[in-house]
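Any value given below was found using the heavy atoms of this structure, including those in side chains, with hydrogens, waters and symmetry copies removed. First the proteins, then the strands, lettered A, B, ... as listed; each starts at 1.
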Number of protein chains: 2
Amino acid sequence: MTKTIDRPKITKMSDLALIAGVSKSTVSRALAGNELVNKETRDRIAALAREHNYRINTKARNFRTKQSLTIGLMVPSSQSKWQINDPFFLELLGSIAIALNERGHELLLSSAKLSAEHGIDELVSQSHCDGLIFIGQADIHQQLNDLASFNHAMVVWGGKLDDQKYVTVGGDNFKGGYEATKHLLSLGRQRVALLGDNTTVEGSMRFAGYRLALEEAGIAFDELLCIRPEAVKNGGMKAVQKCYDSGIRFDALFAFSDILAMAVIRALTPRGVSIPDDVAVVGYDDIALAGYYLPPITSIRQDRELGGQLLVEKLLALLDGEQVASSLLETTLVVRQSSVK
Amino acid sequence: MTKTIDRPKITKMSDLALIAGVSKSTVSRALAGNELVNKETRDRIAALAREHNYRINTKARNFRTKQSLTIGLMVPSSQSKWQINDPFFLELLGSIAIALNERGHELLLSSAKLSAEHGIDELVSQSHCDGLIFIGQADIHQQLNDLASFNHAMVVWGGKLDDQKYVTVGGDNFKGGYEATKHLLSLGRQRVALLGDNTTVEGSMRFAGYRLALEEAGIAFDELLCIRPEAVKNGGMKAVQKCYDSGIRFDALFAFSDILAMAVIRALTPRGVSIPDDVAVVGYDDIALAGYYLPPITSIRQDRELGGQLLVEKLLALLDGEQVASSLLETTLVVRQSSVK
DNA sequence: TTGAAAGCGCTAACAA
DNA sequence: TTGTTAGCGCTTTCAA
């Protein structure tokens, strides 16, 4: 009786070692590119591995080396669901994924909501990743600080705060707010309204920029022109409608996001207000669709490619035990037809 | 000399076992909620774990159990970069993340491009996940089939094909195309143009629906009215402009995505064409921004919440060794002002 | 330059 | 109901 000898399936290092006629350790070293192993032997083992379709077991490897080459991404949200309704975040996400991948890491998406019982630290220790990227500080600055002091490798997309213990990468919100407003004023507009939440970290800085620009132009700040989006669906549009219908008039508006800028346009157009003739509008973030709108939206651009790259670089540096500083990214004004015909 | 006895840091199960006065195995069972262990003991150990801030080592656990509770998500792209420029995919991504999380799984984002040297199977074996979700079949149907026959747990968002060996969840593209066209015809429009790539799996089915609707209305198909977006930035807009400027006229247009519908509107509006008076436009996907556009865009809605949920359920069932069938999701027409005043 | 051996922290078969 | 024991597949000292 002849046994059918089909090539045995190579699933572990020891199998490959057997075939190669060397020890497990040598295979391990060879596959890791360790120079201790003869270049010749190394190549031979690599070839053998390829030939037998052997792939190192990452789970065993990660377990043994106590690292995963995986980075977790969290989008803090006080809401119950994973709410990346902000296209900007999504675009940033893409650039982070690319940057990580180029460096041989994987990206783990955490849809986890933060709550009292399930704090961040629980998430962190549960998640199978070496480091963390947070997109947005929202209202969890304190929690982030706590986490950072626990010595977790983490970076945050957002603004820099005085007492902050974590590393951030973020656009210059102050400058962005300043430039948006200045642009509107330079068009000769006198009554520049504001639409956005100025209680968040980012919002308050944009607000400060807005105020400075007004001040420099010698225009008094008018609380009535500060519109807060309501916390409901189409909240931005409703707030603007309410404001306008109450008789308040303005000839320009700076919105804290492109989505809000679109809301303004949708609110005012049906009321016979022409954009930009009657009201010039500037948004923020310059999301892809900003240029697709009608009229195309003037916006403050934040470089998400660079942002994602920096977040990743800093985090990996942190993991290597290096000292890392926060970065403030340049913003640029992209002029389109929502402000200038 | 007195030794300072600070509470030892509990990092492994055996430590906790020592404290609890039981064996490692019992702790393991207790923490896993195994009913074999006395409810009393179980609770005691759980309390102890919490008290000592012990968290099970997931890497060791995953290694041992040969599973990771992690699902990989891939967006096939022939491009060199991770191109989720399609907002619909991003919204689907969100619902997948939520569905996975509710079931205790994590989501690994693969930004990997597919190429000749680095095929899918390599990606799969490299990645640390139990199963895979593909968003879109694009042009890799054959590769997906190969992969599926290799017995990989995988589900695909997309259309169902005859020779397909993998499980899909997707909208009814045929019906979607049919309804979009029928809607336009029901408005009394006679010359319904089409904007989209009808060579993809999804596109060809929408195209078939379009043709059927025309046929039923007794309107001859006109090749000239089929506009293909160019493979460049703003390709949709350019293609429509070129078509229009060459003198071709139509009174309605069905676009294969909302983004394309926006492109149509941007292309025609400056030429004095009124939407929807002169040309009624229908898009596809009903992305969040479709309702935000000016005019708001009539669109074929695909239920992404349900889609994400089904993808996840099917994949987990597959992992449990169950037999799973593909799903065709209902589409609904959402009428807005781009087609009806 | 290579091999032998120990062990990462956990689970699960088997025994008690 | 609990404990004992034997690994999972890999990396890494240490010794040769």
Length of the line joining N57(A):CG and dC8(D):C1', which is rounded to integer Å: 9 Å
Rounded to whole Å, how long is the line connecting atom CG of N62(B) with atom C1' of dC8(D)? 12 Å
Side chain to side chain contact (heavy atoms under 4.5 Å, CB included) between R103(A) and V312(A), intermediate numbers included: CA-CA 9 Å; R103(A) 289 162 183 76; V312(A) 168; 3.7 Å; yes
Pair S23(A)-T26(A), side-chain donor/acceptor within less than 3.5 Å: yes
Nearest to the side chain of M13(B), which nucleotide is it out of dT11(C), dA6(C), dG9(C)? dT11(C)
Does dC10(C) have OP1 or OP2 under 4.0 Å away from a side-chain N or O of Y54(B)? yes
For dT11(D), does either OP1 or OP2 sit under 4.0 Å from a side-chain N or O belonging to R61(A)? yes
What I want to check is whether an N or O donor and acceptor connect the side chain of R42(A) with the base of dT2(C) at under 3.5 Å. no
Neighbour count above 12 (heavy atom, 6.0 Å) for E322(A) CD: yes
Between T41(A) and A60(A), name the one whose nearest nucleotide on DNA chain C is closer to the 5' end. T41(A)
Among dC10(D), dT1(C), dG3(D), which nucleotide sits nearest the side chain of N38(A)? dT1(C)
Five pairs at each end of the helix from dT1(C)-dA16(D) to dA16(C)-dT1(D): take the axis at both ends and give me the angle between them to 10°. 30°
Under 3.5 Å, is there a donor-acceptor pair between the side chain of N34(A) and the main chain of L36(A)? yes
Please state how far atom CG in L36(A) lies from atom C1' in dC14(D), giving the value in whole angstrom units. 13 Å
Between K66(A) (NZ) and dG9(D) (C1'), how many Å, whole number? 15 Å
Listed nucleotide nearest any side-chain atom of S25(B), set dT11(D), dT2(D), dT5(D): dT5(D)
What's the NZ-P distance between K39(B) and dT1(D), to the nearest Å? 13 Å
Checking the side chain of N62(A) only, and the main-chain atoms of K59(B) only, is there a donor and an acceptor separated by less than 3.5 Å? no
How about S327(B) and K314(B): does a side-chain donor come under 3.5 Å of a side-chain acceptor? yes
Give the rounded distance in Å between these two atoms: CD1 of I56(B) and C1' of dT11(C). 9 Å
Heavy atoms under 4.0 Å, any strand shown: does K24(B) hit a base, just sugar-phosphate, or nothing? base
Which atom pair, heavy atoms only, marks the closest approach of I133(A) to I96(A)? CD1-CG2, 3.8 Å
Selected nucleotide, minimal atom distance to R64(A) side chain, candidates dA13(C), dG7(D), dT12(D): dT12(D)
Rounded distance (Å) that lies between atom C1' of dG3(C) and atom CD1 of I45(A): 12 Å
Is there a stack between F63(B) and dC8(D), judged by ring centres under 5.5 Å and planes under 30°? yes
Selection from dG3(C), dG3(D), dC10(D) that lies nearest to any side-chain heavy atom of T26(B): dG3(D)
Atom-pair distance (NZ on K59(B); C1' on dG7(C)), nearest Å: 17 Å
Do the side chains of E35(A) and R29(A) get close enough for a salt bridge, i.e. N-O under 4.0 angstrom? no
